[in-house]
Amino acid sequence: MRVFRAITNAPLQALLLAALVGAGGCRQVEHGMFTISRVKSPLAFRFNSLNKPLTTNEMREAGLAVDTLRLAPHDEADASHDFHDDYCDLLSQKKVVMVCLSGGGSRAARLAAHTLARLEEQYNLDHPDGPALVDRIDAWSSVSGGSIYASYVADFFYRRAHRLPAPPARRLFQFLRDDFEVRLITRQAGGMASLFYFWPGNLGYAPVLQALTEWDSLNLFARSQAMFQEGKIPFAPASSLRKLGDLPRRPRFFFNAACLETAGPFLFTQRMIHRDLSGDPLTRLAEDPLECWARGQREPLAALAEPFAYAVTLEDLGGSHRRFPVVHGVYASAAFPGAFQPLALNKYVDARLAAPPAPARRPALRPKAGLQPKASLQPFTGFKKQGSISVVDGGAYDNSGLVTALHLAGYLQAARSNDCWRGCDAPRRSSPPDQRFVILAVDANVEQPGYRGPSHNTFRPDAPVRGLVPALFTAFKIHAKQQALVSAITSQWSRRWSEAGVLKTVEVRLAEAIKQTKKTRPDSPAECRPFQPEPRPKLDTDFVYSRTQDDCLRELSALALDFHPDGESDNRVQAFLKALED
């Protein structure tokens, strides 16, 4: 008992935490926390899942017929545009601007911060008056570390919509680059999660929850960000966290994750986008757009009848975006296998389908010819839990976010030229005859996609871990090959649209900047040596980045923005700003 009281003593915890950080640094504390957070009791208790089932009122707001769980007839639909997103506002625009932020841990988050801040500085010089750069962006598609940065952009719009203190819009990206709190989360998310784990007065809370409940490192990271970003105390219930439904309709935020059960994408966004909840959601998905593009074909109209019909969303599981925390969607997008446990979400189905069928009875009297008994449709009684699914890092499907942006562009084009979309007649009639799309893609990969040598692993450890290291190497190789395939397909499709005058894609690639430094100093093994006296640190995919690594990323982002592609006179900054005005 004395030992327990001494351990739970807050001053002693502070001294213990200081000793741990002083002895090993934030990185060692982070890795130690990861190890401890995997200690689970065989009798773990499960709390209610984060995704709550849709209510009858929410389905009516989405324009669904409660009995059939499908789109209600036009004269009966009572859809609320605040609950369901029909993208009508984007149909009337002549130009749609989207930003894609790739995955890559803190490297991706900080590269996005430096890139957008530099673009904003030049934009403000060229446009001293007029709207801010952030207000000209219509959609954000982010993955993994890019989602952590995008969550702070979403937080700005949340604060402005709810009239809370917020940074000035014209300097938002520069603020997010330099703000101390934002740098803590985007550069040292692992250290902050460790601090949350060992926080004085918190020992006995987070460790016990992680040992005895479904809490894991993903929940730990999400709650630590909520503590800094939303000012929540550690004991705040999940219902008090900011929800996806609290974000304004515009701009759209797409936090890209992946579903293990479908081996395809899972999208977290702030409004309902699918309006057919009948049957099993995992069996009615449309064809993957990557397969269509790989064949050189556009997506069929059946797949474009509603946006993102190929991806699983919260409403497909019978869940409500109005009650799902933003931070958990962000870290589900960043749940890289091995570092995080998958996010488990309940799957809710129509209780009428989940109930066992009624026993068949022989009719007492045979009905007369021509008279058939009426089929009685049981009234909707609600959703019933039927299993769960696992959501992991979006890089397992697409680590760039470009598939989401390109599909949205294809959906808007199809919606403008067909009559099978309802509720958008007025914007379609007033829309300009042609529509163009501008995509800014920030890619934090440190290597150019493609084949990089033998895929076999020559290291063979002895038992009892024989096969473990080759298995891990294989998983990483498969992940890398998937990204190379996605990059090749999206680049080819973007080039086709660019040649047709529909799309302008500006790609800011970290790998190009690293390649340029090697050309500048071929005798130097460090990419940042032209800018710094000391060699460049290794830019790993990690959630703890040093100030030296951050400074290196800042210089590399400037080099990537100043890059002139072959045959083009404009650099990346000029190309993006010119695309905004053309």
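Here, residue 1 is the first one in the sequence, and each next residue gets the next number. All of these numbers come straight from a predicted model, not from anything done at the bench.
- The aromatic rings of Phe254 and Phe308 sit tilted, their planes meeting at an angle between 30° and 60°.
- Between Asp178 and Gln174, the side chains place no donor N or O within less than 3.5 Å of an acceptor N or O (distance only, hydrogens not considered).
- The CD atom of Glu512 lies 5.0 Å from the CZ atom of Arg572; values are rounded to the nearest 0.5 Å.
- Classification of the Phe543-Tyr331 ring pair by plane angle, with boundaries at 30° and 60°, yields tilted.
- If you take CG on Leu345 and NE2 on His328, they are separated by 10.0 Å, rounding to the nearest 0.5 Å.
- Looking only at side-chain heavy atoms (C-beta outward), Leu577 and Tyr123 come within less than 4.5 Å of each other.
- Rounding to the nearest 0.5 Å gives a distance of 12.5 Å between CG of Leu247 and CZ of Arg252.
- Leu406 is listed as a side-chain neighbour of Thr490, based on a closest heavy-atom distance under 4.5 Å.
- The nearest pair of heavy atoms linking Ala441 to Leu402 is CB-CD2, 4.1 Å.
- Contact annotation: the side chain of Leu119 never approaches that of Phe173 to less than 4.5 Å [non-hydrogen atoms, C-beta and beyond].
- The shortest heavy-atom contact between Val486 and Ser400 is CG1-OG, 4.5 Å.
- In terms of heavy atoms, Leu343 sits closest to Ala332 at CD2-CB, 3.6 Å.
- Proximity of Ile439 to Cys100: side-chain heavy atoms (C-beta onward) are separated by under 4.5 Å at one or more points.
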**OP:** Show your working on side-chain hydrogen bond (donor to acceptor under 3.5 Å, both in side chains) between Ser141 and Asn256 and close with a plain yes or no.
**Re:** CA-CA 7 Å; Ser141 175; Asn256 294 271; 3.0 Å; yes
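- How far CG of Leu553 is from CZ of Arg187: 10.5 Å, rounded to the nearest 0.5 Å.
- The two residues Gly105 and Ser144 come nearest to each other via the heavy atoms N-OG, 4.3 Å.
- Proximity of Arg118 to Ser557: side-chain heavy atoms (C-beta onward) are nowhere separated by under 4.5 Å.
- Using a 30° and 60° split on the angle between ring planes, Phe268 and Phe266 fall in the tilted class, from 30° to 60°.
- Looking at heavy atoms from C-beta onward, Leu556 lies out of side-chain contact with Leu111 at the 4.5 angstrom threshold.
- Between Gln229 and Tyr152, the closest side-chain pair of non-hydrogen atoms falls below 4.5 Å.
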Subject >> Evaluation steps, side-chain hydrogen bond (donor to acceptor under 3.5 Å, both in side chains), between Ser106 and Gln188 >> reply: CA-CA 7 Å; Ser106 291; Gln188 294 181 332; over 6 Å; no
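- The OH atom of Tyr397 lies 12.5 Å from the SG atom of Cys259; values are rounded to the nearest 0.5 Å.
- Closest approach of Phe221 and Gly190 over heavy atoms only: CZ-CA, 3.6 Å.
- Inspection of the Arg509 and Asn445 side chains reveals no N or O donor paired with an N or O acceptor under 3.5 Å.
- Here the side chains of Pro251 and Asp138 are not in contact, with every heavy-atom distance at 4.5 Å or above.
- A salt bridge links Lys578 to Asp570: at least one charged side-chain nitrogen sits closer than 4.0 Å to a carboxylate oxygen.
- Of the possible donor and acceptor atoms, none in the side chain of Arg107 sits under 3.5 Å from a partner among the backbone N and O of Asp542.
- Salt bridge status for Asp550 with Arg554: absent, with no side-chain N to carboxylate O gap under 4.0 Å.
- If you take CG on Asp288 and NE2 on His407, they are separated by 10.5 Å, rounding to the nearest 0.5 Å.
- The two residues Gly401 and Val143 come nearest to each other via the heavy atoms N-CG2, 3.7 Å.
- The pair Arg177-Glu120 fails the salt-bridge criterion, with no side-chain N (NZ, NE, NH1 or NH2) lying under 4.0 Å from an Asp/Glu carboxylate O.
- Checked for salt-bridge contact, Arg110 and Asp551 miss the test: no charged N lies under 4.0 Å from a carboxylate O.
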Subject >> Working for side-chain hydrogen bond (donor to acceptor under 3.5 Å, both in side chains), residues Ser102 and Asn399 >> reply: CA-CA 6 Å; Ser102 79; Asn399 201 43; 5.1 Å; no
